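Just below is one structure, and these are the notes that go with it.
Lettering of chains follows the sequences in order, A, B, ..., and the numbering in each one begins at 1. Keep in mind that what you see is a predicted model, and the values were worked out from it rather than measured.
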Amino acid sequence: MLVVNSVTKKYHKTVANDNISFKVDNGEIAILLGPNGAGKSTIIKSILGLLKYEGKIELDGLDNHSIEAKRKMGYVPEVPALYDMLTVEEHLEFVRRAYKIEDKGCAEALLSRFELEDKRKKLGKELSKGMQQKVSICCALLPNPDFIVFDEPMVGLDPHAIKELKGIFTELKNQGKTVLISTHMIDTVEDYWDVAYIMKNGKIEATQYNNKTDTEEKSLEQLFFEITEDKNA
Amino acid sequence: MLNSLLYRYRKQFIKKPVNMLLSLVAVVFVIFMILFPTLMQIDSEEAIMYDSEIVSGLFGILSFVCFFISISAVTKGKITGYSLADVNFHFAGPFSRKFNKIISVIGNIQISLVICFVFCCQSALIYSISGITSVDLVVMLVLIFMSTITGSLLSNIFAPVVADNESLKRAVSVVIYACVGVFILFGFVEVYKAAGSVSSILSLGLPTIIKLVGNSPISRFFPYSGWFSSVYVGIITHNYLLLIISIVLSVLGIAAVVYFLDRLDIEYYELASETALKVADLVAARKAGVDSDTARINNKVKVGKEIFNRGWGANAFMHKNFFEYKRQTKFFFVNPLSVFYRIFIFVYLMIMSKTNPDLVFMESLFMNFILNAVIYAGGKSVLEFNRPFFYMIPEKAGVKLWYCILADIPTMIFDSVICLISMLILTDRNMVSVLGWVFYMIMFVTFDLFCEFMAVIIIKKFSGLDKIGLTIVRNLIIYAVSGITVLIGYILMNAFRLSFAWLFVFCTIGFVVESLILSLIVPPLLNQME
């Protein structure tokens with residue numbers, strides 16, 4: 001379970017995250033929605049321990065900066081940055097060694113699932129943006145993390161990979177993993193989220209639960225535009 | 001953790017066979033240059049007397065320079081040595097912060113390797129003035145590493161502290177540059193005391209200046225660089241008090257670095273990620289052909305009322321290059337990088353002219369060849385061929401090529417004039433006739449042309465290499481071909497017992513012929529690539 005408690009992050013006088021608190025339970029998919037500059041990437045980087053902030057972030061009761069917590073985390077960055085001179089399979093081997101994973105079969109399964117088998121010998125610098133994103137996703141999934149963060153994961157992916165990724169989200173949820181997805185593409189997340197946090201100006205402006213039985217509740221899209229287009233807010 | 005890191009480095013390294021080969025050649029060369037003093041001492045008649053004061057002076061200066069280069073990064077408030085992939089895989093992965101700092105140090109070791117290589121290239125000269133031994137050279141290489149790594153670590157420790165505070169960043173810059181000023185001032189005072197007047201300083205000669213500057217009190221006890229170098233100086237001069245003090249200070253200094261590494265983690269990842277992102281953006285921009293070789297200078301230039309309205313079709317390249325030179329220096333024929341190199345060569349040769357005047361003529365020729373190859377083989381015109389704009393212009397490749405090259409000809413002529421003036425000042429102008437000096441100028445213009453043509457071919461033929469590999473291959477090929485040209489000219493001059501001026505004539509003819517041949521090869525090559 002991820003617990004974010006009163007996190008504030010400032011860049012000089014700009015408040016990127018203003019006293020943000022939320023939690024994501026095991027087996028739950030949470031999405032962070034918001035326009036550009038809302039503070040989504042900042043809170044994600046804080047969760048991953050890449051930024052210094054005020055407040056507290058814990059993963060299964062462990063401080064997010066600890067090595068133990070990092071072993072439980074997977075991260076798909078917004079900008080897929082691979083090592084230029086490592087091939088696709090060497091990236092996976094590097095991650096396998098870094099996370100001390102004994103089983104070599106997981107990498108093969110992921111390569112097959114994301115149709116990367118014929119690209120296994122390609123160098124990082126030879127791959128297109130979309131292919132790099134697929135490799136990033138494979139690297140993040142390889143350690144079988146308990147908590148996984150996707151920062152704009154659909155950007156650059158082809159329709160097949162998007163479909164595959166959506167399937168993976170559901171699988172992760174069924175396995176009891178904690179999933180956090182940051183995006184500003186509402187239509188790509190409509191069908192599988194459990195809780196949505198809508199961010200604006202560094203704050204969480206609304207929290208919406210995906211209760212499909214409640215027909216009177218506003219759709220996520222309606223709520224999003226209502227909040228983000230509010231000129232007085 | 002280490003297992004995965006070593007796996008990555010191993011896999012990355014073996015993907016670059018050219019770099020591996022070049023590294024091997026460089027290592028063999030360095031070993032040879034280290035052994036050079038030992039080989040010279042075998043023949044006792046040729047052996048140079050060992051002067052421990054010059055050697056210790058060299059230790060002091062070199063150690064200081066390495067330390068200063070690496071620590072001065074702190075003034076930019078940046079943490080270097082990480083890529084964006086390091087941020088994604090290492091910072092967000094199961095690696096400890098201490099472990100991740102190793103990556104940064106490894107990244108910065110490249111600076112040490114370059115300094116070591118350049119230093120070893122000079123071992124013959126150093127031996128000739130000091131009688132330095134091979135053991136001294138090995139210790140000096142270790143010293144270069146220690147000073148650079150310590151400087152890099154200190155820079156990475158304190159950069160996050162000053163990054164967000166402009167006034168603190170300025171204060172740190174002032175302190176660092178003040179230290180350099182104090183170092184130079186102390187050195188100058190020592191030199192002045194020995195010379196008696198400012199005008200007599202150069203007549204002391206390079207070895208004496210090194211001896212005095214490198215052994216000044218500030219050099220001996222300058223934090224880190226002075227302490228490290230003094231350990232070995234204490235050994236070779238049998239100064240045990242200096243040895244003990246410098247060992248104690250070095251140990252305490254290293255302990256302080258380790259302590260700070262452990263404690264000061266303020267915004268460490270944040271700043272490193274920020275720098276890595278900026279570097280990644282720059283690399284992406286370069287791949288897209290957006291940047292230029294003078295992007296940093298252009299950033300600060302105000303365009304004001306200037307209007308770029310000349311050139312049509314392929315001709316636009318020529319005027320664009322003129323325009324850029326004019327913006328930077330006010331003159332369309334002045335390349336700022338070239339002027340900087342000329343000043344550097346001039347100062348170096350001015351010192352050498354007082355030390356060993358017989359060598360100045362040859363050294364001047366040699367250094368101008370080396371640096372002209374750097375300027376023109378990697379210059380503005382050559383870079384056009386790495387960018388998409390060049391290929392998008394609907395003109396014949398040969399026409400575009402010539403307009404690019406034409407833009408550099410005024411710069412080449414201006415450079416040759418500067419080269420000539422410096423030669424006339426520093427050497428005996430009667431060594432060569434007036435016509436000979438004219439050919440000296442023409443020779444450099446033809447050499448510059450040759451470099452540009454050769455560079456374009458190498459860029460196209462070795463496009464798979466990375467930037468460093470490409471630069472090394474390019475320079476090696478240019479130096480090899482031009483070296484053979486000069487050698488043939490020298491043999492002809494001696495065979496016909498002609499004056500030195502004829503060497504310039506033969507070289508000019510050689511470079512003209514080579515340039516003509518290359519100018520026939522390049523356009524079809526560019527057409528193919530298009």
Please report whether the ring centroid of [Y] lies less than 6.0 Å from that of [X].
X: F95(B); Y: F89(B); result: no
X: F117(B); Y: F29(B); result: yes
X: F94(A); Y: Y7(B); result: no

TODO: With a 4.5 Å cut-off on heavy-atom pairs, point out which of P80(A), G74(A), A69(A), A98(A) contacts chain B the most.
DONE: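 Going by pairs under 4.5 Å, I would pick A98(A).
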
Open item on the list: For the interface with chain A, which of N88(B), V87(B), L84(B) has the highest count of heavy-atom pairs at distances below 4.5 Å?
Closed with: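 The option with the most such pairs is N88(B).
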
Open item on the list: Is S83(B) close to chain A through its backbone or its side chain, or both, or neither, when contacts mean heavy atoms under 4.5 Å?
Closed with: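 Contact with chain A involves the side chain of S83(B) alone.
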
TODO: Give, as side chain, backbone, both or neither, the part of I14(B) having an atom under 4.5 angstrom from any heavy atom of chain A.
DONE: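 Neither; nothing under 4.5 Å.
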
Checking [X] against chain B: side chain, backbone, both or neither under 4.5 Å from a heavy atom?
X: E93(A); answer: both
X: Y83(A); answer: both
X: T87(A); answer: both
X: V95(A); answer: side chain

Task: Side-chain heavy-atom pair E58(A), V4(A) within 4.5 angstrom cut-off - done: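 E58(A) vs V4(A): side chains apart.
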
Task: Heavy-atom side-chain contact between I20(A) and N5(A) under 4.5 Å - done: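 Counting from C-beta outward, I20(A) and N5(A) never come under 4.5 Å.
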
Task: Cation-pi geometry met for K11(B) and F13(B) (6.0 Å, 45°) - done: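 Here K11(B) fails the 6.0 Å and 45° test against F13(B).
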
